[in-house]
Amino acid sequence: LQLVESGGGLVQTGGSLRLSCAASGFTSDYYLIGWFRQAPGKEREGVACFRNSDGSTYYPDSVKGRFTISRSSAKNTVYLQMNSLNPEDTAVYYCAAETGATNPSSYYCQAPKILNFWGQGTQVTVSS
């Protein structure tokens, strides 16, 4: 299973960015795919997760209403639309996935260490 992120960059406060994650090699009918971020000196945290079996999503309060996870119609690309960005959103953003996902999407989003498949990450910097 391979995950390749793109779309990071520099944006001003209040601006928007859309990240993309090209996913290939899925063999499981049940999987969880999500976006995580890690700022310098902080732990990695989940910001948006999607479980394919029921289409459920999870967002932490810090991004709820501003970030949206979605899939392409071909289901091989996952997007993270980020609006109303602020400097606290500055981090390296990773796409990650787990197969055989039978727990709620929140379970995986809140415990990134249990996910086994990760992309290389893309930097998002929000200037004040």
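Since the model is a prediction, treat every value here as computed from it, not as a measurement.
- Residue pairs meeting the salt bridge (charged side-chain N to carboxylate O under 4.0 Å, His left out) criterion with at least one member in residues 116-127: none, sequence neighbours excluded.
- For the disulfide (SG to SG under 2.5 Å) condition, the pairs that include at least one residue of residues 66-108, sequence neighbours left out, are Cys21-Cys95.
- Taking Ser6 as the reference, Ser20 meet the side chain to side chain contact (heavy atoms under 4.5 Å, CB included) condition, with sequence neighbours excluded.
- The side chain to side chain donor-acceptor pair (under 3.5 Å) check on Gln38 picks up Arg44, with sequence neighbours excluded.
- Rounded to the nearest 0.5 angstrom, Leu19 CG and Phe67 CZ are separated by 8.5 Å.
- Scanning all heavy atoms of the two residues, the minimum distance from Gly8 to Val124 falls at CA-CG2, 4.2 Å.
- For residues 89-112, the salt bridge (charged side-chain N to carboxylate O under 4.0 Å, His left out) pairs, not counting sequence neighbours, are Arg37-Asp89, Arg66-Asp89.
- Counting non-hydrogen atoms of neighbouring residues, nucleotides and ligands closer than 6.0 angstrom, the CZ atom of Phe117 exceeds 12 such neighbours.
- In this structure Val92 satisfies the side chain to side chain contact (heavy atoms under 4.5 Å, CB included) test together with Tyr94, Gln123, sequence neighbours excluded.
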message: Using the rule given for side chain to side chain contact (heavy atoms under 4.5 Å, CB included), can you reason through Leu1 versus Leu3, listing the C-alpha separation, both sets of side-chain angles and the distance that settles it, and then say yes or no?
response: CA-CA 7 Å; Leu1 195 157; Leu3 304 168; 3.7 Å; yes
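- By the side chain to side chain contact (heavy atoms under 4.5 Å, CB included) test, Ser128 pairs with Thr13, Pro87, sequence neighbours left out.
- Under a cut-off of 6.0 angstrom, the local environment of CD in Gln2 is sparse, with at most 12 non-hydrogen atoms contributed by other residues, nucleotides or ligands.
- Between Ser106 atom OG and Leu32 atom CG the span is 9.5 Å, to the nearest 0.5 Å.
- The two residues Leu115 and Ala97 make their nearest non-hydrogen contact at CD2-N, 3.8 Å.
- What you find for Thr90 and Val126 is that their closest heavy atoms are OG1-N, 2.9 Å.
- The local environment of CD in Gln120 is crowded, with over 12 non-hydrogen atoms from other residues, nucleotides or ligands closer than 6.0 Å.
- For residues 97-128, the disulfide (SG to SG under 2.5 Å) pairs, not counting sequence neighbours, are Cys49-Cys109.
- In this view, Asp54 and Arg51, Ser56 satisfy the side chain to side chain contact (heavy atoms under 4.5 Å, CB included) rule, not counting sequence neighbours.
- Side-chain contact between Tyr108 and Ile33 is absent, with no heavy-atom pair separated by less than 4.5 Å.
- Residues passing the side chain to side chain donor-acceptor pair (under 3.5 Å) test with Ser16 are Asn83, sequence neighbours excluded.
- Chaining together hydrophobic side chains whose heavy atoms lie under 4.5 Å apart leaves Tyr79 on its own.
- With Glu5 contributing its side chain and Gly121 its backbone, the two residues share a donor-acceptor pair below 3.5 Å.
- The ring-ring contact (aromatic ring centres under 6.0 Å, His included) pairs that include a residue from residues 30-63 are Phe26-Tyr31, Phe36-Trp118, where partners are two or more places apart or lie in different chains.
- To the nearest 0.5 Å, atoms CE (Met82) and OG1 (Thr68) are separated by 11.0 Å.
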